[in-house]
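Written below as C-alpha cells is the structure these notes are about.
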Number of protein chains: 2
Amino acid sequence: MAGKSRNAARSSHGERREEILAQALRLFSEHGVQQVSTRQIASAVGISQPSLYAHFRTSQEIAQELCVRAFRHLAEDLSRALAGEGGRAERLRRAALAYVSFGLDNPDAYRVAFMIEKLVDHRAQAEQGPGLAAGLEAYKLLRGGISGADGTADLIAQSVWATLHGLVSLLIARPHFPWVDKAALIDAHVTRALAGLD
Amino acid sequence: MAGKSRNAARSSHGERREEILAQALRLFSEHGVQQVSTRQIASAVGISQPSLYAHFRTSQEIAQELCVRAFRHLAEDLSRALAGEGGRAERLRRAALAYVSFGLDNPDAYRVAFMIEKLVDHRAQAEQGPGLAAGLEAYKLLRGGISGADGTADLIAQSVWATLHGLVSLLIARPHFPWVDKAALIDAHVTRALAGLD
DNA sequence: CTGATAGCCTATCAGTGATAGGTTGACCTG
DNA sequence: CAGGTCAACCTATCACTGATAGGCTATCAG
C-alpha cells in the first residue's frame, strides 16, 4: 500500500506547469496542435517526456487548459463589448466582431473548443467538459445580449452563434480557399448575422 | 531501374479497393475517423495492414476518397434542389436544407472536407487537394444559385455558405450542447441565412 | 515454359501517448 | 539533527500508430 499518488501533483501554483503551458502554446501556434508531440513539449521545457504527466493527467489536458484560458479571455472581450456604450444593436455588433476577432487570433484554442471531435462516442457526455464549459460561458453572454425576452432567445442566440462560428471556423480550417476580401466579408457577414434582431 | 513501382497499384477498377473503402466507411461511422487505425481497417477487410498501401498511398487517402465521393453526392443534391421547380427563393431554400441535411447525414465526410486542419503549414497549399476540390464544386453550385449578377455574388455566397456551415459543424462537433429543438433551429437558421437575398 | 506483374505476406522501423518504479532534494516535525 | 513526507524528476518500457522493405505466389500474355 505504498504511495500510489504518483501523478496526483496538479499543484495549481506550480511554476513548471506554467512553463509547460507556455512552451506548449508556442509550439501549438508554430506547428499546429495535432503536429506537436508530448516529447517536443517536454524537450522545449527541458524535462523528460514522462515528467509532463506529473503536471497533467493526459496530453489533451494541456491543450484543454490553454483553451479554457483563451475562452476566459473571450468572455472578458464579450462582456466589455456588451457593457460598453451605445444602443443594443451597436453593442451586439461590437460583440460579434469581438467574437470573430477572438477566433482568428486564437485559432488553436478555438479549434479545441469548437471544432475538434473528442472521444464523445463512448465516453461520458460530460467528458469534453472544460473546453465546452468555457465556450458555454461565452455563449451565455451572447444570449444575454440578444435576449428579446420573447422566449425565443435561445433559438435566435444559437442561430447567431452558429452564423458567426461558421465564418470563423471556415476561415481557420480553409485558409487557402479563394476568399473575397476578408475584412469586407467579416463586415458583411456580421451585418447579416445580426439583421432582423430588432 | 528495377521495379520500384511497389505501391503504384491504384487500379481504379480494383474490387479490393472498393472493399477497403466500404469497411473503412463502416468503421469511420461507428467509431469516428480519428479512432480508426489502418490495422482495424485491414483486419475488417481480411488482409494485412501493409497491404492497404498497395491500394492507397497513405491512410489519409482512404478518408479523402470517401470524402470526395460524399461530396459528389452533395453536388448532386444541390443541383437537384436548385434545378427543380419553384421560384428562386424556394429553390435556394431547398438547396440550403439539402446542404444541412448532407452534413448531418455524412458527418465524417463533412469533417474531412471542412473541419480538419491538414498539414497546411509547411506543405504546398494545394496539398489538401481532393477534399477541398470536391467541396469547392458544391460551393460553386451554391454561388450559382445565389448570383444576383451584381458583382457581390462571391461575397454573399461565402457569407451564406459560412452561415450554413456554422450550424452544421457545430451540431456535428458539439452534439451534447443544450441545443433547442433541432428541426426548429435548422428551419429558423436557414430562413435567417437566406433573408434579404431578393 | 517464361517472364512480368498484381496482390499479398512477414518483419521491421521510428515515433506516439502513457505507465511503472526508483532517485533526489526540499521541507517540516519531533 | 533524525526521520518522514512528498513533489518533481529520471530511465526503462509498454502497446500501438502509420509506413517501408523485401520476398512469395497466382495469374496471364507471349
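At whole-Å resolution of the value, CZ in B/Phe56 and C1' in D/dG18 are 15 Å apart. As a whole-Å value, the separation of B/Arg17 CZ from C/dA6 P is 15 Å. D/dG18 atom C1' lies 15 Å from atom CD of A/Gln34, rounded to whole Å. Rounding to whole angstrom units, CG of residue B/Leu52 and C1' of C/dA6 are separated by 16 Å. Regarding B/Glu61, its CD atom lies at a distance of 14 Å from the C1' atom of D/dG18, rounded to whole Å. Following rounding to the nearest Å, B/Ile47 (CD1) and C/dA6 (C1') show an atom-to-atom distance of 13 Å. One atom, CD1 of B/Ile41, and another, C1' of D/dA19, lie 14 Å apart when rounded to the nearest Å. Rounded to whole Å, atom P of C/dA11 lies 19 Å from atom OH of B/Tyr53.
At its two ends the helix from C/dC1-D/dG30 to C/dG30-D/dC1 runs along axes set 10° apart, each axis drawn from five pairs and the angle rounded to 10°.
With sequence neighbours excluded, the residues forming a side chain to side chain contact (heavy atoms under 4.5 Å, CB included) with B/Ala184 are A/Leu155, B/Asp181, listed by chain and number. Residues forming a side chain to side chain contact (heavy atoms under 4.5 Å, CB included) with A/Ser43 (at least two apart in sequence, or on another chain): none. Residues passing the side chain to side chain contact (heavy atoms under 4.5 Å, CB included) test with B/Ala44 are B/Gln23, B/Arg26, B/Leu27, sequence neighbours excluded. Take B/Ala75 and apply the side chain to side chain contact (heavy atoms under 4.5 Å, CB included) test, not counting sequence neighbours, and it matches B/Leu141. Partners of A/Arg80 under the salt bridge (Lys or Arg N to Asp or Glu O under 4.0 Å) rule, at least two apart in sequence or in another chain, are A/Asp77. Residues that satisfy the ring pair (Phe, Tyr, Trp, His ring centres under 6.0 Å) test with A/Phe28, not counting sequence neighbours, are absent from this structure.
A salt bridge links A/Arg16 to A/Glu19: at least one charged side-chain nitrogen sits closer than 4.0 Å to a carboxylate oxygen.
An OP1 or OP2 oxygen of D/dC9 is reached within less than 4.0 angstrom by no side-chain nitrogen or oxygen of A/Ser48. Here A/His55 does not reach the OP1 or OP2 of D/dA7: none of its side-chain N or O atoms lies under 4.0 Å away.
Aromatic pair A/Tyr110/A/His165: ring centres closer than 6.0 Å.
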Atom pairs under 3.5 Å, N or O on each side, protein against nucleotides 12-16 of chain C: can you list them with distances?
{"unit_1": "C/dT16", "atom_1": "OP1", "unit_2": "A/Ser37", "atom_2": "OG", "d": "3.4"}

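Within the 4.0 angstrom heavy-atom criterion, only backbone atoms of the sugar-phosphate kind lie near A/Ser59; the bases stay farther away. Looking at heavy-atom distances under 4.0 Å, B/Ser51 makes contact with a base.
Residue pairs meeting the salt bridge (Lys or Arg N to Asp or Glu O under 4.0 Å) criterion with at least one member in residues 185-195 of chain A, sequence neighbours excluded: A/Arg93-A/Asp187.
In the set D/dC10, D/dA19, C/dA18, C/dA18 carries the atom at the smallest distance from any side-chain atom of A/Thr58.
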